[in-house]
Student: 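The structure that follows is given in the form of structure tokens.
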Amino acid sequence: MLPLAPEETVTPDPPAPPPTGQRHRAARGALLDPGQLLAAVPEALRKLHPRVMVRNPVMFVVEVGSTLTTVSALVQPSVFAWLISGWLWLTVVFANLAEAVAERRGKAQAESLRKARTGTTARRLRRWRIGLERFEEERVPAEHLQLYDFVVVEAGETVPGDGDVVEGIAAVDESAITGESAPVVREAGGDRCAVTGGTRVLSDRIVVRITSKPGLTFLDRMIALVEGAERKKTPNEIALNILLASLTIVFILSVVTLQPFAIYAGAEQTTPVLVALLVALSPTTIGALLSAIGIAGMDRLVQRNVVAMSGRAVEAAGDVDTLLLDKTGTITFGNRQAVRFLPAPGAGELELVEAAQLSSLADETPEGRSIVLLAERYGLRERPPGELGALEFVPFSAQTRMSGVDLEQPGAWRIELRKGAASAISVWVYERGGLVAGEVLEAADVIAANGGTPLLVAVHDEYGARVLGIVQLKDVVKDGIRERFAELRRMGIRTVMVTGDNPRTAQAIAREAGVDDFLAEATPEDKLALIRREQEGGKLVAMTGDGTNDAPALAQADVGVAMNTGTSAAKEAGNMVDLDSNPTKLIEIVQIGKQLLITRGALTTFSIANDVAKYFAIIPAMFGRAYPGLRDFNVMALHSPTSAITSAIIFNALIIVGLIPLALRGVRYRPSSAADLLARNLWVFGLGGLVLPFVGIKLIDLVVRFLV
Ligand SMILES: Nc1ncnc2c1ncn2[C@@H]1O[C@H](COP(=O)(O)OP(=O)(O)OP(=O)(O)O)[C@@H](O)[C@H]1O
Ligand SMILES: [K+]
Ligand SMILES: [Mg+2]
């Protein structure tokens with residue numbers, strides 16, 4: 001037993017940071033603010049360090065080119081050389097700016113999370129003398145808490161670390177972490193026992209057992225994540241980077257080998273011209289925005305209160321083929337309520353109600369609680385346990401699909417009561433020498449076929465084993481869930497509803513909700529097997545879960561979203577945590593992942609199309625004099641060779657800044673199949689990428705012609 005009222009009175013902690021519910025909104029509004037761009041300039045300049053730049057091969061080449069051009073401008077000064085050199089440096093700075101702006105929001109968020117962490121003092125409990133059940137409080141800085149320490153948290157105080165409530169119940173303000181200002185209830189025992197360090201207790205007093213090691217709390221990990229300290233390139237990003245780097249190498253080779261031909265043709269080119277050609281041809285737009293796109297994708301998840309442990313998980317979410325969704329709580333509202341008692345032939349109604357009530361006394365599931373409530377309407381009150389002899393409760397488990405109680409007056413009588421799934425109870429009764437009447441099973445089937453869940457109530461006593469009747473549980477399919485599944489289908493994603501419920505109920509709900517497939521009477525092992533099967537067929541699988549028995553499946557899934565209220569085992573196993581603990585969030589996560597992939601694809605298409613167009617501006621300008629035939633290609637009718645090249649480079653730099661908002665916000669898209677999206681992207685971003693430079697470079701040329 002744990003300690004009770006402490007003797008000393010303790011002054012509460014310094015006031016916790018103000019609820020940061022506004023945080024997300026404020027950050028979102030600031031996304032496209034030019035002030036944000038300006039504020040990120042110092043960071044963008046710091047990133048010019050070659051050690052940082054080299055991580056981005058395309059932009060590193062531009063930086064080297066800028067240096068060469070600057071040297072050449074110093075040796076052979078001209079307005080043209082200085083213009084090119086200046087704009088090349090700007091190109092690099094703009095690329096860094098994209099990344100810096102993307103990181104800023106995470107940094108701001110990390111800052112506000114840090115405030116929730118610092119300065120918290122813990123009221124740690126210390127056993128006063130070995131063997132005595134007396135405890136003493138001591139105050140220690142939160143960072144010094146060890147695994148398995150016990151701490152007291154009272155109204156007005158900040159929870160000093162992650163842990164499970166072992167005593168008491170409290171309203172907790174989790175806004176510092178979730179941004180959600182409505183308080184939540186956390187209580188000892190059951191599924192809602194987890195509290196997170198940095199949240200604030202609003203009422204009452206709880207004792208918490210710490211479950212995180214110092215420096216490894218959820219808050220610490222979240223700070224590291226949003227700050228990007230742990231950001232590693234994802235396999236897709238690495239692959240794209242290799243592709244971009246190879247393209248750049250090809251262009252370097254072609255530009256370098258161009259010079260001998262140029263000299264032969266009597267059109268020797270200067271360093272600024274060669275570098276400009278290289279930069280114009282290289283995929284600088286996507287090279288500049290790639291990392292910002294990834295950071296922004298993670299950030300969009302954080303805005304929706306989802307913490308992804310890796311960028312890879314976000315990408316996987318965008319590629320998911322199969323979505324596993326729980327029935328109860330995800331597709332339906334999940335508070336399955338008892339609505340009716342149906343006595344079996346030969347059994348009395350009150351007999352059934354009483355058996356159902358007794359078997360639910362210790363059943364903390366929503367189903368169990370609702371049975372006790374419904375029984376009260378029959379005038380049955382909970383009785384003091386002594387009256388019933390010795391009680392032994394049998395808790396509900398997803399494996400047994402039943403729960404109940406054994407009552408015993410040793411030496412006198414013994415009664416076993418069970419309630420549960422029809423199949424499970426039938427077996428239980430049969431094993432004890434009884435048989436379930438056909439009428440009962442028929443009635444159960446009718447309930448199931450209408451989407452309800454029948455629970456059979458059975459007794460085993462001196463007269464043998466028999467079924468007393470049925471409790472009908474009702475659950476309602478969430479509004480709008482059908483439309484969401486239709487959306488997912490348009491994206492080519494298969495939805496599978498997984499439930500411990502019987503196949504009839506499952507089928508009825510599956511049809512009503514419009515999922516593609518369902519798995520009924522599923523145990524956690526079945527879930528794991530289903531994921532493996534899908535993966536063997538080359539599919540990427542996403543799922544949500546909260547229980548400890550979901551942990552293996554969460555670990556196996558390509559995208560495993562753990563609920564924040566769930567057990568620590570589930571949170572460790574998954575690769576994302578939903579702070580709102582809303583299982584339907586999985587659908588949004590998939591959409592965010594898709595948007596990330598689509599944005600990256602669209603901007604890559606745009607970037608490469610763009611470079612093709614620049615080719616037409618620069619090549620005729622370079623060789624127009626040596627090969628008059630090329631002048632026919634000078635479709636843009638630019639003022640002069642130098643003006644053409646300068647305009648192309650200015651356009652190349654400006655397009656990066658122009659696309660930063662799109663990279664951060666993500667390309668807007670409507671759910672549709674991959675093929676449709678590809679076609680649309682080719683049209684919009686491919687064609688747009690081809691045409692835009694012609695217009696842009698021409699316009700810039702109209703100004704630049706007066707300079708060079
Ligand atoms: N508290 C309970 N006591 C006895 N039997 C129960 C209880 N709760 C559920 N059952 C029975 O066990 C079956 C399995 O329940 P379980 O919670 O594993 O799955 P579910 O809630 O139906 O589906 P999901 O996997 O979507 O949560 C239910 O269909 C019901 O017949
Ligand atoms: K380019
Ligand atoms: Mg359940």
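Start at 1 and go down the list; that is how both ligands and their atoms are numbered.
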Student: Would you kindly specify which portion of Asp363 sits under 4.0 Å from ligand 1, judged on non-hydrogen atoms: side chain, backbone, both or neither?
Tutor: side chain

Student: Answer yes or no: is there a side-chain heavy-atom contact under 4.5 Å between Thr604 and Pro283?
Tutor: no

Student: Can you confirm, on distance only, whether ligand 1 has an N/O atom lying under 3.5 Å from any N/O atom belonging to Pro454?
Tutor: no

Student: For residues 434-459, tabulate all N or O donor-acceptor pairs below 3.5 Å that involve a side-chain atom, not counting sequence neighbours.
Tutor:
unit_1 : atom_1 : unit_2 : atom_2 : d
Asp445 : OD2    : Arg504 : NH1    : 3.3
Asn450 : ND2    : Val446 : O      : 3.0
Thr453 : OG1    : Asp501 : OD2    : 2.6

Student: Between Arg336 and ligand 1, which part of the residue brings a heavy atom under 4.0 Å of the ligand: side chain, backbone, both or neither?
Tutor: side chain

Student: Going by the order shown, which atoms of ligand 1 are within less than 4.0 Å of some heavy atom of Lys327?
Tutor: 26 (O)

Student: Would you indicate whether the side-chain heavy atoms of Leu290 and Met59 approach each other to under 4.5 Å?
Tutor: no

Student: For the metal site, I want the angle between atom OG1 of Thr284 and atom O of Val279 with the K ion (ligand 2) at the apex, to 10°.
Tutor: 90°

Student: Would you kindly say whether Asn610 and Ser607 are connected by a side-chain donor-acceptor distance under 3.5 Å?
Tutor: no

Student: With heavy atoms of Gly420 as the reference, note each atom of ligand 1 found under 4.0 Å away.
Tutor: 4 (C), 5 (N)

Student: Decide salt bridge (Lys or Arg N to Asp or Glu O under 4.0 Å) for Asp461 and Arg466; before the verdict, give the C-alpha distance in whole Å, the side-chain angles of both, and the deciding distance to 0.1 Å.
Tutor: CA-CA 9 Å; Asp461 57 14; Arg466 62 203 179 278; 3.1 Å; yes

Student: Considering non-hydrogen atoms only, spot the tightest contact between Thr322 and Val496 and give its length.
Tutor: CG2-CG2, 3.9 Å

Student: Judged on heavy-atom distance to atom 3 (N) of ligand 1, which of Pro366, Gly500, Ser403 sits nearest?
Tutor: Ser403

Student: Indicate if the distance from the K ion (ligand 2) to the nearest N, O or S atom of Ser282 falls below 3.4 Å.
Tutor: yes

Student: Enumerate the atoms of ligand 1 whose separation from the nearest heavy atom of Ala398 is less than 4.0 angstrom.
Tutor: 18 (O)

Student: Please list, in number order, the atoms of ligand 1 under 4.0 Å from a heavy atom of Leu455.
Tutor: 5 (N), 6 (C), 10 (N), 11 (C), 30 (C), 31 (O)

Student: So, is Asn652 placed with an N/O/S atom under 3.4 Å from the K ion (ligand 2), counting both backbone and side chain?
Tutor: yes

Student: Is there a polar contact, in the sense of an N or O pair closer than 3.5 Å, between Thr453 and ligand 1?
Tutor: no

Student: Of all the atoms in ligand 1, which lie at a distance below 4.0 Å from a heavy atom belonging to Val498?
Tutor: 25 (O), 26 (O)

Student: Out of all atoms in ligand 1, which are within 4.0 Å of some heavy atom of Met402? Include the element for each.
Tutor: 4 (C), 5 (N)

Student: Do Thr584 and Asn582 have side-chain atoms, one donor and one acceptor, less than 3.5 Å apart?
Tutor: yes

Student: Going by distance alone, is a donor N or O of one side chain under 3.5 Å from an acceptor N or O of the other, for Thr284 and Asn652?
Tutor: yes

Student: Could you list which atoms of ligand 1 come closer than 4.0 Å to a heavy atom of Ala421?
Tutor: 31 (O)

Student: Measuring from atom 27 (O) of ligand 1, which candidate in Leu325, Thr328, Thr330 has the nearest non-hydrogen atom?
Tutor: Thr328

Student: List the residues meeting side chain to side chain contact (heavy atoms under 4.5 Å, CB included) with Val255, not counting sequence neighbours, and say none if there are none.
Tutor: Leu274, Leu277, Leu278

Student: Should the proximity of Arg401 to ligand 1, defined as any heavy atom under 4.0 Å, be assigned to the side chain, the backbone, both, or neither?
Tutor: both

Student: Any idea which heavy atoms bring Ala398 and Pro524 closest together, and the distance?
Tutor: CB-CD, 4.4 Å

Student: Can you give me the closest heavy-atom contact between Ser423 and Glu521, atom names plus distance?
Tutor: OG-OE2, 3.4 Å

Student: Output the atom name for the N/O/S atom of Asp611 with the smallest distance to the K ion (ligand 2).
Tutor: OD1

Student: Can you list the atoms of ligand 1 that are under 4.0 Å from a heavy atom of Thr365?
Tutor: 1 (N)

Student: Quick one: does Asn502 get an N or O within less than 3.5 Å of an N or O on ligand 1?
Tutor: no

Student: Within 3.4 Å of the K ion (ligand 2), is there any N, O or S atom belonging to Ala280?
Tutor: yes

Student: Heavy atoms only: give me the nearest Val58-Leu244 pair and the separation to one decimal.
Tutor: CG2-CB, 3.6 Å

Student: Taking the side chain as every heavy atom from C-beta outward, state whether Trp428 and Thr400 have any atom pair closer than 4.5 Å.
Tutor: no

